[in-house]
Amino acid sequence: MSENKDFLRTIVEEDLKSGKYKEVVTRFPPEPNGFPHIGHAKSICINFGIAQDYHGHCNLRMDDTNPTTEDTKYVEALKDAVDWLGFEWDGNVRFTSDYFPKLYDYAVELIKMGKAYVDSLNEEEIREYRGTVTQTGKRSEYAMRSIEENLDLFLRMKKGEFQDGAHVLRAKIDMSAANMKMRDPLLYRIRHTHHYRAGDANIYPMYDFAHCLSDYIEGITHSICTLEFENNRDIYDWVLDTLRLTAPRPYQHEFARLGINYTVMSKRKLLELVNTGKVNGWDDPRMPTIAGYRRRGYTPESIINFCDQIGIAKANSTVDVSQLEFCIRDDLNTKVPRVMCVFNPLKVTIVNYVGSEDIDASYYPHDVPKEGSRKIPLSREIYIERDDFMENPPKDYFRLTPEQSVRLRHAYIITCKEVIKDANGNITEIKAEYYPESKSGSDTSGIQVKSAIQWVDMVAAKKIEVRVYDRLFKDEAPEGLEDINPDSLEIIKNALIEPAVVIDKPDERFQFERHGYFYADPIDSTDETPVFNKIVGLKDSWAKNQTTENRHNGERKTQIQKVHVDGEVVPMNKEEQALFDKYTSEFGLNSEVANTLARDKQLSSFYEESLSVLSSPIALANIIANEVAREFKQIQADKPKFNAKQISELVKMIDDEIISNKIAKQVFEEMAQTGENPTQIVEAKGLVQISDPSKILPIIDEVIAKNPDNVLKFRAGNTKLLGFFVGQVLKITEGKANPQVVNELVAEKLK
RNA sequence: UGGGGUGUCGCCAAGCGGUAAGGCACUGGUUUUUGGUACCAGUAUUCGGGGGUUCGAAUCCCUCUACCCCAUCCA
């Protein structure tokens, strides 16, 4: 676990510490109506990860309350995904559909409490009655039904006596709630569709009813979901609280779902890609599905690492794909054998080479601590990559040219003697010579080359198919099919690879040196025609260099400037205006503070009351408009524990210089918590401020002695470090030192 | 438009009144028989804007603004 906890772990830790729960229990609750994608992976990592970190457990639950969309093939895919990522769910896989009988009983209980009713409005009427975000709704006339009638109707709904849509069960909450979700949410609907697991249940609970109770039934403590359920939290709490279930009960917490650029994540859009044949199924290596990444060659470790790196927060965000790419490179770098493969061959005849040999070569570079090697056959005729020869190279080109030698990786240095071209002027062959004494590992030639290139022996090389994948969309934030990248798949039918890869099969994943990481396709690859998927390329500063140079010649980035428009402030009413005028002219408050007080009835009356005790209008106004305002905001409609008189008392102590502003804030917080008198708090805690330089000076010396680097930095001109020193002194004195005095003394000392 | 959220470097993201963490990306340099890796160095005088409180504000208060979610018998 990293030292910086995310907000969820912070909550979990507090709940464990406070004894709210003995053990943390989380759950991953997908609906089995689609294939899991990397967004699910994030949720899996969060839920299972938290359970792991705090020694609790995590359930896997299929949230299968909708018979029209769900299927067992998806539950298998979901189980598979969790399993592949290496997590273990607690006990058996759970199904919300298994809880249908219990959920039914809870619903009956709500009806008996008069908190739920059978509504017989049709779909359209229900929508109308709900109102809009700005208009309140109105309750259905069916809400008047008696408990007995509701019970009877609900039972008959379950028995299948009614058509789809004839009735629904609704919670009786508040048709004028500002939160639209709370306008008598639907609890059950009739659906005569066969459920893949529950058979013909006739009625199905809605998410808002089933989810919270399923969590409760399983003893979940932290119900973690994505941001779009924030509005549903009120129902979650309402159901659990209304049923007065025995503690402890779960609480819902929301985080931002994962977005990655150059791809889409919604079920609908993913399905569209599959259905229109833009990709070859759900496991197409370009898909952001778990199956896709898996087939592409991504490792579970790399995905988990990625989820760790991106963190958990509440801000909607889109992570750069390069972060994911980094994770897979980083993982494979230390794991995978390096081999040589030529995609686009150019024949090289080494004219002075006679016979053949097998070169012994390690699978791993010097900086990867792994053992293993293979034989690479070499003879007179070989292939190199077409890109690795240039007749008229740009400067900084390190590879083979008529004037520049290169090393054949693991073998000899060669030099170009002749370039053979066809009638059209295309290069068809290079005649080269090698230096016999330059063999890799025993080089006595003394020749320096800038580069080593991959190659394969013409006769010994094996043919493979290589599928080179690029991002699926050309747009960073794709809208739909129109943004698709037409070149997201390039198939190289006749790439040539050194024979050991195909014959020995030392691994499933390889680095093809200087190309990238590749994975033997688990489905299409056969011994006759091996197929390799490109997982990710290597970082390539040469290629990058080339493209950025081109870009400089071309388009210029348009700078987007943020234009800031100020909105209009709502004008004050007459009464507020009168107060404002009085505060500014009579009491001498600045307009900002006066404004804050005048516009808030609660604050202004509190202010007036405190003024009647102590006539220190500015100091009182400041603390009330800031500290007191915050407290009122936090407790909302509750009664504050402190009163105006106590605030006056507190301000008096500041005015009399008994305490500093800093201490006052500390005292105020205590007051807000306990309602104690400020003088008592100050006495009990010994919070009287220290202004005597003879007491402060030794502490300053101590701080200076402990932080020699910062003293140097300060003297070098980093003046904001003054705050650091002051802070340290205040920390040591527990806030009691008079900050103004400390400031002066520190500045003096450091000069 | 009512309610609920969120704005900290190109992209993620810590931070909760006392020196603006970290990762990716980027830019130099060193090592290198992968233009890879590793290593070193550089990269936010400033936290959506404006005011206020404070000795001191990304953090507290006021206000404006942008974006996301909610009016499915989906989850």
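Just so we're clear, the structure is a prediction, and the values are computed from it rather than from any experiment. In what follows, every chain begins at residue 1, and chains take the letters A, B, ... in the order their sequences are listed.
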In Watson-Crick or G-U wobble terms, with both distances under 3.5 Å, the base opposite G7(B) is U65(B)
Presence of Arg329(A) side-chain N/O under 4.0 Å of G36(B) phosphate oxygens OP1/OP2: no
task: Taking atom C1' in both U6(B) and G48(B), compute the distance separating them and give it to the nearest angstrom.
output: 11 Å
Exercise. Given U37(B), is OP1 or OP2 found less than 4.0 Å from the side-chain N or O atoms of Arg514(A)?
Worked result: no
Has Arg191(A) got a side-chain N or O lying under 4.0 Å from the OP1 or OP2 atom of C74(B)?
yes
Per-nucleotide protein contact along nucleotides 11-16 of chain B, 5' to 3', at a 4.0 Å heavy-atom cut-off (B base, S sugar-phosphate only, - neither), is SSSS--
Ion pair Arg630(A)/Glu669(A), N-O distance below 4.0 Å:
yes
- prompt: Just checking, any donor-acceptor pair under 3.5 angstrom between side chains of Arg27(A) and His211(A)?
  reply: yes
Residues at least two apart in sequence or cross-chain that pass salt bridge (charged side-chain N to carboxylate O under 4.0 Å, His left out) with Glu230(A), listed by chain then number, are Lys314(A)
Between CG of Asn626(A) and P of U59(B) the distance, given in whole Å, is 12 Å
Looking just at side-chain N and O atoms, do Tyr207(A) and Asn232(A) make a donor-acceptor pair shorter than 3.5 Å?
no
Residue set satisfying side-chain hydrogen bond (donor to acceptor under 3.5 Å, both in side chains) with Gln404(A), at least two apart, ordered chain then number -> none
Which atom pairs, one a donor and one an acceptor, fall under 3.5 Å between side chains of residues 173-186 of chain A and the rest of the protein, sequence neighbours left out?
{"unit_1": "Asp174(A)", "atom_1": "OD1", "unit_2": "Ser176(A)", "atom_2": "N", "d": "2.9"}
{"unit_1": "Asp174(A)", "atom_1": "OD1", "unit_2": "Ser176(A)", "atom_2": "OG", "d": "2.9"}
{"unit_1": "Asn179(A)", "atom_1": "OD1", "unit_2": "Lys181(A)", "atom_2": "N", "d": "3.0"}
{"unit_1": "Asn179(A)", "atom_1": "ND2", "unit_2": "Asn231(A)", "atom_2": "O", "d": "3.0"}
{"unit_1": "Asn179(A)", "atom_1": "ND2", "unit_2": "Asp234(A)", "atom_2": "OD2", "d": "3.0"}
{"unit_1": "Arg183(A)", "atom_1": "NE", "unit_2": "Arg130(A)", "atom_2": "O", "d": "3.0"}
{"unit_1": "Arg183(A)", "atom_1": "NE", "unit_2": "Met175(A)", "atom_2": "O", "d": "3.3"}
{"unit_1": "Arg183(A)", "atom_1": "NH1", "unit_2": "Ala177(A)", "atom_2": "O", "d": "2.5"}
{"unit_1": "Arg183(A)", "atom_1": "NH2", "unit_2": "Arg130(A)", "atom_2": "O", "d": "3.2"}
{"unit_1": "Arg183(A)", "atom_1": "NH2", "unit_2": "Thr132(A)", "atom_2": "O", "d": "2.6"}
{"unit_1": "Arg183(A)", "atom_1": "NH2", "unit_2": "Gln135(A)", "atom_2": "O", "d": "2.6"}
{"unit_1": "Asp184(A)", "atom_1": "OD1", "unit_2": "Arg139(A)", "atom_2": "NH1", "d": "2.9"}
{"unit_1": "Asp184(A)", "atom_1": "OD1", "unit_2": "Ile173(A)", "atom_2": "N", "d": "2.7"}
{"unit_1": "Asp184(A)", "atom_1": "OD1", "unit_2": "Asp174(A)", "atom_2": "N", "d": "3.2"}
{"unit_1": "Asp184(A)", "atom_1": "OD2", "unit_2": "Tyr117(A)", "atom_2": "OH", "d": "2.6"}
{"unit_1": "Asp184(A)", "atom_1": "OD2", "unit_2": "Arg139(A)", "atom_2": "NH1", "d": "2.8"}

| task | Considering just the side-chain nitrogens and oxygens of Arg183(A), establish if one lies under 4.0 Å of OP1 or OP2 belonging to C70(B). | result | no
At 4.0 Å (heavy atoms only), tell me whether Asp396(A) reaches a base, stays on the sugar-phosphate, or touches nothing.
base
(Q) If you compare every side-chain N and O of Arg130(A) against the phosphate oxygens of C73(B) (OP1, OP2), does one of them come in below 4.0 Å? (A) yes
Sorted by number, residues from residues 718-728 of chain A placing a heavy atom under 4.0 Å from RNA chain B are Lys720(A), Leu721(A), Gly723(A), Phe724(A), Val726(A), Gly727(A)
Side-chain N or O of Lys544(A) less than 4.0 angstrom from OP1 or OP2 on G35(B)? no
(Q) With the criterion set at under 5.5 Å between ring centres and under 30 degrees between planes, would G35(B) be stacked on Trp542(A)? (A) yes
Lys138(A) meets the side chain to side chain contact (heavy atoms under 4.5 Å, CB included) criterion, sequence neighbours left out, with Tyr129(A)
| field | Side-chain donor/acceptor of Arg409(A) to backbone N/O of Trp455(A), under 3.5 Å | value | no
Per the O4'-C1'-N9-C4 / O4'-C1'-N1-C2 angle with a 90° window around 0, U72(B) comes out syn
Notebook entry, point to check: Would you say Phe326(A) stacks on G23(B), if stacking means ring centres under 5.5 Å apart and planes within less than 30 degrees?
Noted result: no
What I want to check is whether the side chains of Gln511(A) and Glu513(A) have a donor and an acceptor closer together than 3.5 Å.
no
